Amino acid sequence: MAERKLKAWVAAGLIDAAAADRIRAWEAQHSRPVALWAVVGLAALSIGLGIVSLVAANWAAIPGETRLALHGALMVGLGAALWALPAQGGDAARRWAEVGIFVFAALGLGFIGHLGQVYQTSSPTWMAIGLWLTLFAPLLLGGGQGWLCAALLAGGCIALPWMRFGDPALGFSGGQAGPGVIRGAIECALPVGLTPLSALMSGGSARGGFWLRLGQIGFAYAIAAVSLFVIASGLGDWAHGHDPQGNVDTALVAVAGVLGLAGLALWQADRSVQGTAGAAVFAMLALAMLAADRLGGHGLAMGLLFMVLWAGLAGAALHARARWAFQMAVAAVALRLIILAFEEAGGLLASGVGLILGGVLVLGVAWSALRILRQFAPARGIA
């Protein structure tokens with residue numbers, strides 16, 4: 001707690017001097033030695049890097065079976081420690097369980113890769129990730145407590161379909177969009193299902209933080225993927241030139257369908273204000289996919305579509321009373337408007353007049369965005 005804030009509150013009459021003293025005493029009692037913990041963290045990082053360096057330097061000299069045995073023994077020991085943790089515990093126990101499950105699952109992923117290195121298997125990487133998800137996703141879903149496990153699980157769910165899509169035998173082959181593109185696009189869209197799954201499982205769950213983060217990652221993935229697709233569609237007819245059979249069009253329609261189904265599932269699982277706003281966002285993303293497919297190659301049209309999409313996201317965030325999301329959406333619209341103005345200015349930017357006009361436009365957009373935020377943004381502290 002900053003001393004300046006306390007003095008300002010006392011001067012404004014929000015609290016009296018006695019309350020300020022009590023706040024100072026409480027903060028002093030519960031303060032954390034940040035500098036000391038930073039030093040401890042640096043020491044731990046140094047030790048860890050030293051161990052990694054020693055192992056890496058002598059990696060080739062250690063027999064593969066010995067490395068696998070040590071790796072497996074480490075996993076067994078950590079698994080036994082996780083099993084010994086109490087099922088019901090306080091915040092400290094939950095934090096240790098979260099870190100332990102995360103490390104155990106990460107070691108499992110490394111063990112699968114280690115097996116491939118030792119025995120020189122030629123399987124593609126996506127098969128290793130698929131095997132890892134099959135073995136460890138139940139553990140993460142059943143025991144994850146927070147964002148560490150949620151990020152690890154969601155990362156695997158997102159990486160698997162994209163690596164499969166990059167396999168020439170399953171996605172683009174020889175630069176041509178074959179029928180595998182349709183299946184690959186649908187698979188790449190499936191991680192958005194993490195959001196309705198989160199809404200379905202989080203109600204009354206003691207691990208609400210885990211499900212919340214998992215749903216947020218799926219939601220952010222959907223928004224980022226569609227936004228990047230809209231931006232890429234304005235760069236040229238990059239996909240359809242290699243798609244004489246129209247497989248890309250079919251794939252994009254299928255992705256829009258997956259987004260629509262995810263929105264419907266979210267609305268069914270969560271009828272709250274936030275759930276309704278999220279379902280509306282999925283519907284907007286599906287429509288943006290279809291519009292980008294039809295208008296691809298037109299930079300101005302794609303720029304306007306991007307701004308319309310993010311204006312809709314701002315409206316959904318306003319409806320859900322999500323201040324940070326509203327601010328981010330307004331900022332994205334303002335930034336895209338500035339970029340669009342510079343793109344359309346053409347040769348004017350080569351002159352001083354063009355630079356002056358560009359600077360005035362930036363100031364105008366910034367001023368407008370600030371006015372919108374002050375007038376419409378939800379109050380601080382409202383989730």
Side-chain angles (χ1 to χ4, degrees), residues 1-44 86 88-99 144-151 198-199 202-217 219-220 270-278 281 310 313-335 363-383:
M1 177 65 64
E3 183 67 23
R4 179 176 56 84
K5 286 287 187 181
L6 285 177
K7 292 180 178 179
W9 292 345
V10 172
L14 299 177
I15 58 175
D16 56 21
D21 290 337
R22 289 194 298 271
I23 293 174
R24 292 189 185 96
W26 190 92
E27 288 290 338
Q29 184 178 1
H30 293 84
S31 62
R32 296 179 179 179
V34 178
L36 177 60
W37 281 112
V39 172
V40 172
L42 289 174
Q88 299 293 334
D91 292 339
R94 285 195 293 269
R95 284 195 294 268
W96 279 112
E98 171 76 359
V99 174
Q145 302 289 331
W147 67 269
L148 278 176
C149 290
S198 164
S202 60
S205 174
R207 299 184 296 119
F210 168 78
W211 293 113
L212 175 63
R213 299 305 180 194
L214 195 65
Q216 288 175 340
I217 294 173
F219 197 63
D270 184 5
R271 297 294 183 91
S272 67
V273 173
Q274 287 78 14
T276 303
V281 167
W310 278 86
L313 297 179
L318 186 62
H319 179 70
R321 309 298 294 170
R323 178 184 176 88
W324 67 270
F326 179 82
Q327 292 175 321
M328 183 178 65
V330 172
V333 173
L335 180 61
L363 291 176
V365 171
W367 178 81
S368 301
L370 182 61
R371 291 295 300 271
I372 292 173
L373 288 173
R374 287 180 174 176
Q375 184 172 355
F376 296 107
R380 291 184 183 274
I382 297 179

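Given the structure is predicted, the values throughout are model-derived calculations rather than measurements. Starting from 1, each residue takes its place in the sequence as its number.
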Check your understanding: Looking at residues at least two apart in the chain, or sitting in another chain, which of them share a side chain to side chain contact (heavy atoms under 4.5 Å, CB included) with L212?
Key -> Q216
Point to revise | S198 side chain to W211 backbone, donor-acceptor under 3.5 Å | key: yes
Exercise for review: Report the C-alpha separation of V273 and H319 in whole Å, then their side-chain angles, then the decisive distance to 0.1 Å, and conclude whether the side-chain contact (heavy atoms from CB on, under 4.5 Å) test is met.
Suggested key: CA-CA 7 Å; V273 173; H319 179 70; 3.8 Å; yes
**Study point:** By side chain to side chain contact (heavy atoms under 4.5 Å, CB included) - contacts of L335 (at least two apart)
**Key:** I339
Practice item. Specify the closest pair of heavy atoms between I217 and A151, including all atoms of both residues, with the distance to one decimal. Key: CD1-CA, 3.6 Å
Practice item. Check the pair F219 / V281 against side-chain contact (heavy atoms from CB on, under 4.5 Å), numbers first and verdict last. Key: CA-CA 9 Å; F219 197 63; V281 167; 3.5 Å; yes
Practice item. Kindly write out the residues that satisfy salt bridge (Lys or Arg N to Asp or Glu O under 4.0 Å) with R271, not counting sequence neighbours, or none if the list is empty. Key: none
Practice item. Measure the shortest side-chain to side-chain distance between M328 and W310 over non-hydrogen atoms and say whether it is less than 4.5 angstrom. Key: yes
Review point. How long is the gap from CG on D270 to OG on S202, to the nearest 0.5 Å?
Key: 7.0 Å
Review point. With A18, which residues qualify under side chain to side chain contact (heavy atoms under 4.5 Å, CB included), at least two apart?
Key: D16, R22
Point to revise | A331: partners by side chain to side chain contact (heavy atoms under 4.5 Å, CB included), with sequence neighbours left out | key: none
Revision key, fill the gap. Heavy atoms of E98 and Q145 approach each other most closely as OE1-N, 2.6 Å
Study note, to complete from the structure: Closest non-hydrogen contact found for A150 with R213 is CB-CB, 3.8 Å
Practice item. Could you check V333 against L313 for side-chain contact (heavy atoms from CB on, under 4.5 Å), going step by step and ending with a plain yes or no? Key: CA-CA 10 Å; V333 173; L313 297 179; over 6 Å; no
